[in-house]
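Read through the structure below, which is laid out as structure tokens, and then see the notes.
Since this is a predicted model, take the numbers as computed values, not measurements. Chain naming here is simple, since letters A, B, ... match the order of the sequence lines and numbering starts at 1 in each.
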Protein chains: 4
Amino acid sequence: MVRRMPPLSPSKRTGRPRSADADRAILAATREALAELGWGGLTLGDVAARAGVAKTTLYRRWPGKNELVVDALAALFEERLELPDLGSLRADVQGVVLRFARLLNLPETRTALMAVFAEATQDEALRQRIREAIVERQKLLVLTGRQRAQKRGELPPDDGEADPRRDDMIFDVVAGSVVHRVLVSSEPVDEEWADRLALLLVGGLAALS
Amino acid sequence: MVRRMPPLSPSKRTGRPRSADADRAILAATREALAELGWGGLTLGDVAARAGVAKTTLYRRWPGKNELVVDALAALFEERLELPDLGSLRADVQGVVLRFARLLNLPETRTALMAVFAEATQDEALRQRIREAIVERQKLLVLTGRQRAQKRGELPPDDGEADPRRDDMIFDVVAGSVVHRVLVSSEPVDEEWADRLALLLVGGLAALS
Amino acid sequence: MVRRMPPLSPSKRTGRPRSADADRAILAATREALAELGWGGLTLGDVAARAGVAKTTLYRRWPGKNELVVDALAALFEERLELPDLGSLRADVQGVVLRFARLLNLPETRTALMAVFAEATQDEALRQRIREAIVERQKLLVLTGRQRAQKRGELPPDDGEADPRRDDMIFDVVAGSVVHRVLVSSEPVDEEWADRLALLLVGGLAALS
Amino acid sequence: MVRRMPPLSPSKRTGRPRSADADRAILAATREALAELGWGGLTLGDVAARAGVAKTTLYRRWPGKNELVVDALAALFEERLELPDLGSLRADVQGVVLRFARLLNLPETRTALMAVFAEATQDEALRQRIREAIVERQKLLVLTGRQRAQKRGELPPDDGEADPRRDDMIFDVVAGSVVHRVLVSSEPVDEEWADRLALLLVGGLAALS
DNA sequence: CCTTAAACGAGACGGTACGTCGCGTCTTTCA
DNA sequence: TGAAAGACGCGACGTACCGTCTCGTTTAAGG
């Protein structure tokens, strides 16, 4: 979860504390409104109303729509992305691709993820926030998967140190391909497609070494 | 170029004809404003002002911001994407990746492409327009590149008919990876990265057959 | 009537002209809302709604609540204040006092006049606007009444030129007394009170000469 | 001084007593803020901050802005209005007019007095409060001045009982004229103007009898 | 001296109105 | 009759104060 606006003085102990219920209600309302109205239709006033909260309360915690949505998405990525060991690199890749595609097919994700990426191209702070809340979490999966494959002997062990360039590229390829398939081409990501992508990657990785 | 709004009566010939200058000025102004202000800051009123044109004139030709921007981008994709024969599949892939990345790094593209994709997730007509104006053009490159490689003998010839699933996947992987690298990870796409992606793909393609 | 915000370029002839209906509807709605809710309860959003007009239309014509209300009051002063010749100075004074008191007892005037005076103490432009729209109109009555009394021989003719100091003082005394009686003391201004004030003034004027 | 909100249980003796310093600090801060920002710009939050006091403390003592300001003004009227015997009715009137005008020219009074009058037209309780805190104090001056003049023989003695109608009218005329001169006409009240007003009144009073 | 209960500072809270901005439509005049 | 100019209805924006509400802390009086 990304850090939101702190009470102005970082850790003062005085005054009425912020309501944790409000936080939860706002994020839930955000996801609900996203699913219902899409990014373009989402209104901070509406979110506040759904959450049973005043607009000011919302603005006290998040500087704007972008940051709020990033945090709302972050919660989803937090609970939905994991990488069970499926026995082989190919199966692991297929698994994560399917999981990620399923996440992208939620109505709140479909409409919002591209939108915050788009906003982020003009806003470094937002980019940073996305990186922390979403991207790094996904990258971790690549790292885990690669190490697991090395332990299994499917990939050669690192001599000395791991090559971050390789992990980064794999990450861009996996995430980018799935996002593009789902949100641009709007074609389904089924088991077969996921498996063929896994095959392509495993084959390509061999060529890379 | 995507079809814009036709003059209401398709074949009436009377009255003052629409100015073609206005069209060009509007699209140029759109690109300029995109580069300067980004998608979020782009205003149709501002575009009209830059183009020296009344807002009405603009709305007579395009239904809204989304469609206008798609057309403005389409022109860029039209003139910037081509695939010279570089002698090998790997070089061809590297070439198209570099070209595409360069296109994505234009300020008007950076900010606008993701945004229209995002809008399109909620708007089938827009999705169709994007497909015609942008996506199909890119897909053609994959087709061309694959056929060239088959002619060279780098890939096995199709028995009977081509497999569109394979072309589609390659397209999603190439386009998705580059977009993600440039716009999400915001890391540079240099010759080395492009070559390594090409290597991965060529290696993977072998495994796929 | 006070001049409102002019279309930015003073006398351009182009574009859709401002609706005169809107002007009338807005001023009427303002008076209605004032009477119903009082100055403090009056909301520009509410006025716009009553007038069947968008808030922006209202702000295009008046810079704010103060100026709008001054104009709305000005219309009342325009139509309600006149000075019929009642035959003697004393009767004329009594007449104008009664008329003025009746005007101040309208619910829209009661609540609004003091409020704009109060606002004006901090805002020279507003003060100027009030002077033009309201005060000068009242001062004119003093001038007329004095000249009439001189013609009748009730007051000595001016030797050479009129003394503006005398007119100004009479004006402050009449207007101030009535306003104070009605709005501060909140006692009624009936024929008897008005006559006694007239008597006081006529007697005092003799002493002043 | 008007009574403010009492501690809820009227005669309980337990608990921490209210700080008298806070009272003084709040009223002083109110006057300061009034002088600086005017009625419209005065904010209870700002007053509390200037007084070094929490908003709650302020609301515990006064129900709102109106009442607070009335009390703040009342203190001024208490200390500033007195009527030294200047030897004649005319001089006494001139004296009180000058004193009153000087009071109205204080920045805190200029802006606030009209404003609370305006608020009071819609709020009987506030009107009552103003009467007690401000108006009655001024009326007393009229009473004193009249009695003094009667003692001197400048005015005929009351046969039996005093006529309150006469005192009330004089009060409305004096207070109203000065307020109007200073706050509406925004012309100076100098010795000459004050003397001419006194002359007018003394002359008029003779006519009234 | 120690309890106890109210006052206190701080600041979050639900509201309401603000004045602005951009949208997409409309009504003018001009060429 | 198309185009410029700009007013219009609409709806969201982000801000400012309002008056209320929790908190934890302080402070006098009374047991």
Side-chain angles (χ1 to χ4, degrees), chain A residues 7-9 12-19 21-22 40-46 48-49 51-61 63-65, chain B residues 7 12 14-19 22 40-46 48-49 51-60 62-65, chain C residues 7-9 12-19 21-22 41-46 48-49 51-61 63-65, chain D residues 7-9 12-19 21-22 41-49 51-65:
Chain A
L8 290 108
S9 202
K12 269 288 185 64
R13 284 250 144 248
T14 180
R16 177 173 172 175
R18 292 204 179 150
S19 155
D21 286 358
L42 181 143
T43 283
L44 291 209
D46 180 53
V53 139
K55 246 194 318 173
T56 34
T57 297
L58 207 156
Y59 279 106
R60 217 172 275 124
R61 290 165 158 81
K65 185 166 160 170
Chain B
K12 266 283 188 66
T14 175
R16 178 167 167 183
R18 291 196 180 155
S19 155
L42 179 142
T43 286
L44 292 208
D46 181 52
V53 140
K55 263 198 302 174
T56 353
T57 301
L58 204 154
Y59 279 107
R60 213 172 280 126
W62 288 275
K65 183 164 159 171
Chain C
L8 290 111
S9 200
K12 267 287 184 62
R13 282 257 144 243
T14 179
R16 178 173 173 177
R18 293 204 180 149
S19 156
D21 285 358
L42 180 143
T43 283
L44 292 210
D46 180 53
V53 139
K55 245 194 320 173
T56 32
T57 297
L58 206 155
Y59 279 107
R60 215 171 278 123
R61 291 165 156 82
K65 185 166 160 171
Chain D
L8 286 121
S9 198
K12 266 285 188 64
R13 284 253 146 243
T14 176
R16 177 174 171 178
R18 290 199 183 153
S19 155
D21 286 359
L42 179 143
T43 288
L44 292 209
D46 180 53
V47 169
V53 140
K55 261 197 304 174
T56 2
T57 299
L58 204 155
Y59 278 106
R60 215 172 277 125
R61 290 164 158 81
W62 288 274
K65 183 165 159 171

Exercise for review: May I ask you to verify whether the side chain of R16(D) and the base of dC8(E) hold a donor-acceptor pair under 3.5 Å?
Suggested key: no

Check your understanding: What is the distance, rounded to the nearest whole Å, between atom CG of L58(B) and atom C1' of dG6(F)?
Key -> 16 Å

Check your understanding: Taking OP1 and OP2 of dG9(E), is either one under 4.0 Å from a side-chain nitrogen or oxygen of T57(D)?
Key -> yes

**Study point:** Residue pair L58(B) / L44(B): nearest heavy atoms and the distance that separates them
**Key:** CD1-O, 3.8 Å

Point to revise | Rounded distance (nearest 0.5 Å) linking atom CG of D46(C) with atom NZ of K55(C) | key: 11.5 Å

Practice item. Specify the closest pair of heavy atoms between A54(B) and A48(B), including all atoms of both residues, with the distance to one decimal. Key: C-CB, 4.1 Å

Polar-atom pairs under 3.5 Å, protein N or O versus N or O of nucleotides 16-19 of chain E: list them with distances, or write none.
unit_1	atom_1	unit_2	atom_2	d
dC18(E)	OP1	L44(C)	N	3.1
dC18(E)	OP2	L44(C)	N	3.3
dC18(E)	OP2	G45(C)	N	3.3
dG19(E)	OP2	Y59(C)	OH	2.4
dG19(E)	O5'	Y59(C)	OH	3.4
dG19(E)	N7	K55(C)	NZ	3.1
dG19(E)	O6	K55(C)	NZ	3.0

Check your understanding: Where the side chain of R18(C) is defined as all heavy atoms beyond and including C-beta, which of dG9(F), dA7(F), dC13(E) is the nearest nucleotide?
Key -> dA7(F)

Revision key, fill the gap. Correct closest heavy-atom pair for R61(D) and R18(D) would be NH2-CB, 3.4 Å

**Study point:** Backbone of D21(C) reached by a side-chain donor or acceptor of S19(C) within 3.5 Å
**Key:** yes

Review point. Starting at the 5' end of DNA chain F, which residue's closest nucleotide do you reach first, G52(B) or P17(A)?
Key: G52(B)

Exercise for review: Could you tell me the separation between the CZ atom of R61(C) and the P atom of dG6(F), rounded to a whole number of Å?
Suggested key: 15 Å

